[in-house]
A.B. asks: 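Mind having a look at this structure? Questions to follow.
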Amino acid sequence: MSVTALRRAARESFGGLPSAFWWLFTSTLVNRLGGFVATFLALYLTVDRGYSPAYAGLVAAVYGLGGVVSSIGAGVMTDRLGRRPTLLASQLGTSASVAVLGFVEHPVAIAVVAGLVGMASNASRPAVQAMMADIVAPEDRIRAFALNYWAINLGFALSATAAGLIAEHGYLLLFLGEATLTAVCALLVFARLPESRPEPGAAVRTAGTDTTASDTTTSGSTASAAPEAAPAPEAAPSVSLWTVLRDGRFMAVVGLNFLVATIFLQAYVTLPVAMSRDGLSSSDYGLAIAGNGVLIILLQIPVTRLIEHRDPARLLVLSSLLAGYGFGLTAFAGSTALYALTILVWTLGEIINSPTQMGLVVRLSPVHGRGRYQGMYTLSWSVAAVTAPLAGGVVLDRFGPDLLWSLTAAVGTVAAAGYWLLLRRPATPRPQGSENTGGPRDVPVLPTASAHKDPAETSIP
């Protein structure tokens with residue numbers, strides 16, 4: 001590519017985003033650079049502390065359950081208290097609990113503190129995603145979500161490498177290092193990120209009315225005539241958890257995302273076990289799975305440029321199939337190279353799925369309920385993180401890897417069919433207070449390749 005073409009590609013990939021987004025991006029990157037503990041928690045418990053693998057699995061489950069609990073609570077906090085206070089509470093809580101985890105020794109205390117770490121660290125997700133939706137223009141959100149996901153994977157790749165070296169000098173350094181970097185994130189949020197939550201009492205116009213000054217006088221009246229009272233603007237409707245649960249279309253998306261999440265999460269429990277059964281070592285697994293992070297770092301941004309203005313329904317169908325059949329192909333793998341090839345397939349599905357899915361969640365969320373909606377979406381991942389390893393392990397132990405990988409292909413097919421049936425409708429009436437609305441109207445929930453931007457979404461909310 002020429003220098004001019006490279007500059008144009010860089011502008012299209014990174015340009016036009018507000019400065020607040022880049023501070024949020026920086027906070028995410030720093031946070032993931034310090035994400036040592038979750039990655040090495042099992043090794044810490046079994047190697048350094050001498051606990052059994054069963055106990056390490058129990059602690060991991062408690063950690064995941066903490067995330068389940070905080071998903072909903074953090075979503076409510078994001079809407080009620082604001083994005084910034086929720087982020088600060090999450091990051092300060094994570095910093096403190098991670099530091100404590102490095103010092104506790106009693107088995108019950110370790111499990112309890114691990115649950116607090118999972119709760120605090122997971123609480124930032126609804127706030128980050130809601131804030132990103134607040135500060136980024138609608139036509140740029142897919143790109144913004146992709147860049148944030150890229151930062152997550154870049155930080156994870158670097159932290160995993162650094163953590164292996166740091167652990168040689170003692171696991172306590174990992175805990176204190178994560179606590180320090182997470183505190184730095186809190187300082188970034190405090191110093192640079194303004195609150196982005198829409199005012200809770202913000203009014204919306206009633207459909208078909210306009211309260212501008214030019215329309216406040218009766219036709220034919222003189223300038224001195226008393227203006228006719230304009231219709232009072234209606235307050236944005238309140239959004240509760242019950243509102244989210246009654247939103248059938250959104251909850252269906254949450255359910256479909258849960259199915260896809262159960263597929264992706266097989267990569268970290270059942271996949272290494274299956275590789276070991278084929279006589280491959282942990283270093284072989286590490287080499288193969290490293291391709292996932294490398295591919296995301298290399299391909300996330302250019303692939304997003306290709307897909308950001310395309311039909312999300314088709315993209316989610318494609319990503320579900322790539323995930324399901326990418327893992328399904330694992331049934332035919334027997335060497336590190338073949339396992340790496342299957343990882344390539346489902347990683348492409350992950351690259352497509354992540355920003356598309358997050359963009360869809362924002363479009364289906366009312367402005368004043370983004371935190372609760374994002375919390376419910378985060379819950380689908382948290383529940384999958386608990387159930388997917390358990391279900392995958394049972395199938396692998398009792399029925400063998402062939403059935404497990406066949407089931408992933410079947411689940412991917414079901415998810416793809418569900419997305420297609422759910423999202424094929426081109427438009428749906430939206431209630432007042434929904435995505436950038438000024439009242440009830442038909443909003444194209446899904447942009448098409450030829451009309452990727454909702455005409456009403458012309459300003460940052």
Side-chain angles (χ1 to χ4, degrees), residues 18-21 23-28 30-31 65-98 115-136 141 144-145 148 179 182-204 235-247 250 254 358 361-362 364-382 432-436 460-461:
S19 60
F21 165 79
W23 285 112
L24 191 60
F25 173 94
T26 303
S27 174
T28 298
V30 173
N31 188 38
L65 287 173
V68 171
V69 172
S70 69
S71 297
I72 300 300
V76 174
M77 286 177 60
T78 297
D79 283 339
R80 287 191 175 181
L81 301 181
R83 284 65 159 135
R84 189 167 175 264
T86 304
L87 263 179
L88 284 170
S90 169
Q91 291 168 346
L92 292 174
T94 302
S95 179
S97 58
V98 163
L116 293 176
V117 173
M119 187 181 300
S121 60
N122 199 62
S124 66
R125 294 182 181 180
V128 168
Q129 292 163 3
M131 179 175 279
M132 204 172 300
D134 295 337
I135 63 181
V136 176
R141 284 181 187 148
F145 283 127
N148 190 67
T182 307
V184 171
C185 290
L187 288 175
L188 283 174
V189 171
F190 180 78
R192 293 295 182 178
L193 280 176
E195 177 56 61
S196 65
R197 180 186 61 161
E199 290 297 326
V204 295
S238 61
V239 178
S240 65
L241 287 176
W242 180 238
T243 307
V244 183
L245 293 172
R246 287 188 304 167
D247 191 337
F250 177 78
V254 170
M358 288 188 286
V361 169
V362 171
L364 293 177
S365 306
V367 170
H368 293 279
R370 279 179 179 153
R372 289 175 173 85
Y373 273 72
Q374 292 288 353
M376 190 62 69
Y377 168 67
T378 302
L379 180 65
S380 66
W381 278 100
S382 300
Q432 284 186 335
S434 63
E435 175 73 7
N436 290 328
I460 301 175

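We number each residue from 1, following the sequence as shown.
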A.B. asks: Is there a side-chain contact between T26 and R192 in this structure, where contact means two heavy atoms from C-beta onward sitting under 4.5 Å apart?
C.D. replies: no
A.B. asks: So, do L188 and L193 sit near enough that their side-chain heavy atoms are less than 4.5 Å apart?
C.D. replies: no
A.B. asks: If only atom types and distance count, is the side chain of S95 paired as donor or acceptor with the main-chain N or O of Q91 below 3.5 Å?
C.D. replies: no
A.B. asks: Of all the heavy-atom pairs spanning R197 and D79, show the shortest one and how long it is.
C.D. replies: NH1-O, 2.9 Å
A.B. asks: Has E195 got a side-chain atom pairing as donor or acceptor with R83's backbone, closer than 3.5 angstrom?
C.D. replies: yes
A.B. asks: Are any non-hydrogen side-chain atoms of R372 and S365 less than 4.5 angstrom apart?
C.D. replies: no
A.B. asks: Give me the atom names and distance for the closest heavy-atom approach of H368 to P198.
C.D. replies: CE1-CB, 3.6 Å
A.B. asks: Kindly indicate, with the supporting measurements, whether the criterion side chain to side chain contact (heavy atoms under 4.5 Å, CB included) is fulfilled by S90 and M77.
C.D. replies: CA-CA 11 Å; S90 169; M77 286 177 60; over 6 Å; no
A.B. asks: Do T94 and T182 have side-chain atoms, one donor and one acceptor, less than 3.5 Å apart?
C.D. replies: no
A.B. asks: Kindly determine whether V362 and Y373 satisfy side chain to side chain contact (heavy atoms under 4.5 Å, CB included), including the steps that lead there.
C.D. replies: CA-CA 8 Å; V362 171; Y373 273 72; over 6 Å; no
A.B. asks: Do you know which two heavy atoms are closest between A186 and L92, and how far apart they sit?
C.D. replies: CB-CD2, 3.8 Å
A.B. asks: What's the shortest heavy-atom distance between M132 and A144, and which atoms?
C.D. replies: SD-O, 3.8 Å
A.B. asks: What I'd like to find out is whether the side chain of V189 reaches to under 4.5 Å of the side chain of W23, using heavy atoms alone.
C.D. replies: no
A.B. asks: Quick one, L241 and I72 - any side-chain contact, counting heavy atoms below 4.5 Å?
C.D. replies: yes
A.B. asks: How close do V254 and M376 get, heavy atom to heavy atom, and via which atoms?
C.D. replies: CG1-O, 3.9 Å
A.B. asks: Distance check, rounded to the nearest 0.5 Å: N31 atom CG versus C185 atom SG?
C.D. replies: 4.5 Å
A.B. asks: For A123 and P126, work out which heavy atoms get closest and say how close.
C.D. replies: O-CD, 3.5 Å
A.B. asks: Measure the shortest side-chain to side-chain distance between M119 and S97 over non-hydrogen atoms and say whether it is less than 4.5 angstrom.
C.D. replies: no
A.B. asks: Distance from R125 atom CZ to T86 atom OG1, nearest 0.5 Å?
C.D. replies: 15.5 Å
A.B. asks: Starting at CG of D134, measure out to CZ of R141 and round the result to the nearest 0.5 Å.
C.D. replies: 8.0 Å
A.B. asks: How many angstroms lie between atom CG of L364 and atom OH of Y377, to the nearest 0.5 angstrom?
C.D. replies: 12.0 Å
A.B. asks: So do the side chains of M131 and T78 get within less than 4.5 Å of each other, counting heavy atoms only?
C.D. replies: no
